Amino acid sequence: MTQAFLTPQISIDTITDGLNPEQKRAVETTQGPLFILAGAGSGKTSVMTRRIAYLLAKEGVAPWNILAITFTNKAAREMNDRVQKLVGDVAQDIWMTTFHSACVKILRREAEHIGLAHTFTILDADDQISAIKQCMLDLNLDLKKFDPAAVQWKISAAKNELISPFDMPRGGKKNLIDAIAADVYHGYQARLKSANALDFDDLIFKTVDLFEHHPEVLETYQQKFKYIHVDEYQDTNRAQYKLIGLLAKASRNLCVVGDTDQAIYRWRGADISIMLNFERDFPEAAVIKLEQNYRSTNTILDAANALIRNNENRKDKTLWSAKGAGDKISVYAALDQTDEAVYIIASVQEHIGKGGAFRDCTVLYRANAQSRAVEDAFLQAGIPYKIIGGMTFYDRREIKDVMAYLKVLVNPEDEISLLRVINVPKRNLGEGSIRRLLDFAHEKDLSILEAMGRIGQPQAPGPEADAAAELTASLGAKAADGAAKLYQIMTGLRAMQEGLTVTEFVQLVLTRTGYREMYAGSHKEEDQNRLENIDELLTVTRSFDRRRRHGTLADFLSETSLLSDTDKESGAKDNAVHMMTVHASKGLEFPVVFVIGVEETLFPHARSMDSLEGVEEERNLCYVAITRAQEKLHLSYCFERSLFGQTQMNDPSRFLDELPKGLLEASKSDLQIVPRWDVGIHVRHPQFGSGVVTDLTGEGDELELEITFASRHGTKKLKPKLTKLRVLDK
DNA sequence: GGCGACGCAGTTTTT
DNA sequence: CTGCGTCGCC
């Protein structure tokens, strides 16, 4: 039995080969709860994969008894590949997925227990917002006065805490948005229910719901998942915590891996206390710290250690490596974003000059908007680059449209998706007609698609036929015709699905719906691009068909809607400088890293600066950024930067002050000259605007200028030492 | 019902 | 500055 699930050549020694003592202990501690505090770059993926291999090889655990939850699909895939390499094809029977994918898998099987059809669709972020908007309109709420995104946010936060519409706190009188969110939450859930749809947060919530109300189902999964692993445990939210708690309750074989210092998703409901409380939840837990880092030089690690020591809410650990000190960290004081970009380009070229490649270099920033200045400069300098995240393939309109068609074809109740494409291409179904269709459908308790089916169809005389005739009349001939045709197209397509691969079916959808034709007739470059993107989608389906022999359209949709931005990238094969947010960089590593905009109000971000938790999370983020670097780290900040068209001046980030000076090598822009103050010099102040120096007193740090501003601020006395003053040419 | 032109607003991180 | 949404006009 012991060897039953193994490829013959594997031995225990191979599994623990090359591991350090802590790693080895983590691999071999298989029974009972285990807490692995894994520092950045400490080889935790290696530990996880080998632990799984060890369970199979040494303990004779069946692959289907193992569950491994990762944060992204990419991490799951990587783990899958690595386990596969260790143990061979039995790896396919192990559940190695994200929380969301695992829940989809469970719900597809068990949906009927909780009154859900297994064909349910998953709303993406856009769908969610449009559904929220619809609900708000139903409640006669002014979309301009109340931000649908804020409402969506509140609802999502509630779901992450497993709060149902009925338990939603309505807030005080002054917190109108809370009361609104509570109201909208009811309507929103009703709308999702009738569309047989779930949003991201529901996937977890409903699975917990399922387990809590159907103990027999829970028991099945408890028995199935005898060994549970959760990666990035510091980023779990209450709902995920509950889910894991339920599953692990029977076996108590729960292995969590994480790093409190890399907790960066509090804003999304992640709760670091879950990780800090693991030992309270599981008093018998074994605790292992992985502190040896295999990624970075000690200079980089010492900087990271020093920085993170300023946080209170953490588990102490100190990273070290056997790599030696390496280069100092470069800190560059730029004049502005353009100058900052020029610095990056010069450094990248220097790296190339030394025989390095573009792909070794990565630019990290706090906010997506910062990428633009760098991008422009790269373009001008002819530096190849690739932006990860931001507007991605799946965000494109044409892709979303096609996906909406597919969603409706899988789940005809999906009103949200149908409304997206009901008039794309044009079918003479405008706002008025859609309203009438919707009203009719809701009144008769039909889906819109069914309502459209009643148009122009011969029916037995009676009240039903009369109502249908009335609807047809009220729509007008053109709209009625459009609706009837769309109904026929969709029913026709649904009938043809049998036996076709996803690719073949999508091809059919593209022609039958007239979607491809809509762009094919156009000569606009934009439209030609859209056609190319559609073709690209077909390459995606082809690869899906190849990978998943009997994969259904529903599987394809689940898979694509659960992809994250980093998942969506084809891989870092292009020889280009990569650019991404710090968040997107988690789990990755690069030889040369540039962290830009290391300034107050940007990093830490202004919106996180008013609370201790906020600043600590920003510091975690900075820690993540620093620990991405293997060999060389560059930090930079700007003396002035333009944001929304106007110039602002930020102080260098407090995080820079927290790094030991001895590890740093500071330089600053040639453009940033020290001004020789004198009467008559024109200056600009971040708040008061431009003015002229009219007098000066004192010297050195005590030097004080009298400045007459052009604005209503009049004359002020300011010390240049304490004020951000910029000298104007004239 | 569709298109264009304004004006306006909003700017962190995303499974 | 740019992208978005709404409004007004054809």
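Below, read A as the first sequence line, B as the second, and so on, with proteins coming before strands; counting in each chain starts at 1. Since this is a predicted model, take the numbers as computed values, not measurements. All values below were derived from every heavy atom in this structure, side-chain atoms included, with hydrogens, water molecules and symmetry-related copies excluded.
- Per the geometry, CE belonging to A:Met609 stands 14 Å off C1' belonging to B:dT12, to the nearest Å.
- Per the geometry, CD1 belonging to A:Ile596 stands 16 Å off P belonging to B:dT12, to the nearest Å.
- One C1' atom belongs to C:dG5, the other to B:dT12, and the distance between them is 22 Å to the nearest Å.
- Along DNA chain B, the nucleotide closest to A:Phe200 and the one closest to A:Asn423 are compared, and the more 5′ of them pairs with A:Asn423.
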Decide side chain to side chain contact (heavy atoms under 4.5 Å, CB included) for A:Phe378 and A:Val374; before the verdict, give the C-alpha distance in whole Å, the side-chain angles of both, and the deciding distance to 0.1 Å. CA-CA 6 Å; A:Phe378 277 179; A:Val374 182; 3.7 Å; yes

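- If you measure from atom CD1 of A:Ile155 to atom P of B:dT14, you get 21 Å, rounded to the nearest angstrom.
- In this model, the phosphate group of B:dT14 is approached by a side-chain N or O of A:Thr581 to a distance below 4.0 Å at OP1 or OP2.
- Within a 6.0 Å sphere centred on NZ of A:Lys44, heavy atoms belonging to other residues, nucleotides or ligands number more than 12.
- At a threshold of 4.0 angstrom between heavy atoms, the contacts of A:Lys426 are confined to the sugar-phosphate backbone, with no base atom among them.
- At the heavy-atom level, A:Ala369 lies nowhere under 4.0 Å from the strands shown.
- Stacking of A:His605 onto the six-membered ring of B:dT12 is present: less than 5.5 angstrom between centres, less than 30° between planes.
- Nearest nucleotide to the side chain of A:Arg372, out of B:dT13, B:dT12, C:dT2: C:dT2.
- Residue side chain A:Arg366 reaches the base of B:dT13 through a donor-acceptor N/O pair under 3.5 Å, judged by distance alone.
- Remark: the A:Asn411 side chain and the A:Thr119 side chain contain no N/O donor-acceptor pair separated by less than 3.5 Å.
- For the residue pair A:Asn313/A:Glu616, the side-chain donor-acceptor check at 3.5 Å is not satisfied.
- Heavy atoms of other residues, nucleotides or ligands lying less than 6.0 angstrom from CD of A:Glu613 number more than 12.
- Each of A:Ser433 and A:Leu621 was matched to the nucleotide of DNA chain B holding its nearest heavy atom; the match closer to the 5' end belongs to A:Ser433.
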Could you walk me through whether A:Asp124 and A:Lys400 satisfy the salt bridge (Lys or Arg N to Asp or Glu O under 4.0 Å) test, starting with their C-alpha distance in whole Å, then the side-chain angles of each, then the deciding distance to 0.1 Å, before giving a yes or no? CA-CA 10 Å; A:Asp124 68 20; A:Lys400 290 200 154 196; 3.4 Å; yes

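- A:Tyr385 and A:Glu375 form a side-chain donor-acceptor contact under 3.5 Å, judged by distance and modelled atom types alone.
- In this structure, the aromatic ring of A:Tyr265 is not positioned over the six-membered ring of the base of B:dT13 within 5.5 Å between centres and 30° between planes.
- With B:dG2, B:dT14, B:dT11 as the candidates, the nucleotide lying closest to the side chain of A:Arg607 is B:dT11.
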For DNA chain B, what is the dot-bracket line, given that a base pair needs Watson-Crick (N1 to N3, plus N6-O4 or O6-N4) or G-U wobble (N1-O2 and O6-N3) geometry with both distances under 3.5 Å, and | means paired with another strand? |||||||||......

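- Using a 3.5 Å distance cut-off with no hydrogens or angles, the side chains of A:Tyr221 and A:Glu110 do pair a donor with an acceptor.
- Taking side-chain N and O atoms only, A:Asn368 has no distance below 4.0 Å to OP1 or OP2 of B:dT12.
- No engagement by A:Phe99 is indicated, since no non-hydrogen atom pair under 4.0 Å with the nucleic acid exists.
- As rounded to whole Å, 15 Å separates atom C1' of B:dT12 from atom CG of A:Asn650.
- Atom-to-atom, OH of A:Tyr623 to C1' of B:dT13 comes out at 20 Å; the value is rounded to the nearest Å.
- Between the CG atom of A:Asp235 and the P atom of B:dT13 there is a distance of 17 Å, given to the nearest Å.
- If you take CD1 of A:Ile122 and C1' of B:dT14, they are 16 Å apart, rounded to a whole angstrom.
- Between the P atoms of B:dT13 and C:dC4, the separation comes to 15 Å (whole Å).
- Following rounding to the nearest Å, A:Lys159 (NZ) and B:dT14 (C1') show an atom-to-atom distance of 16 Å.
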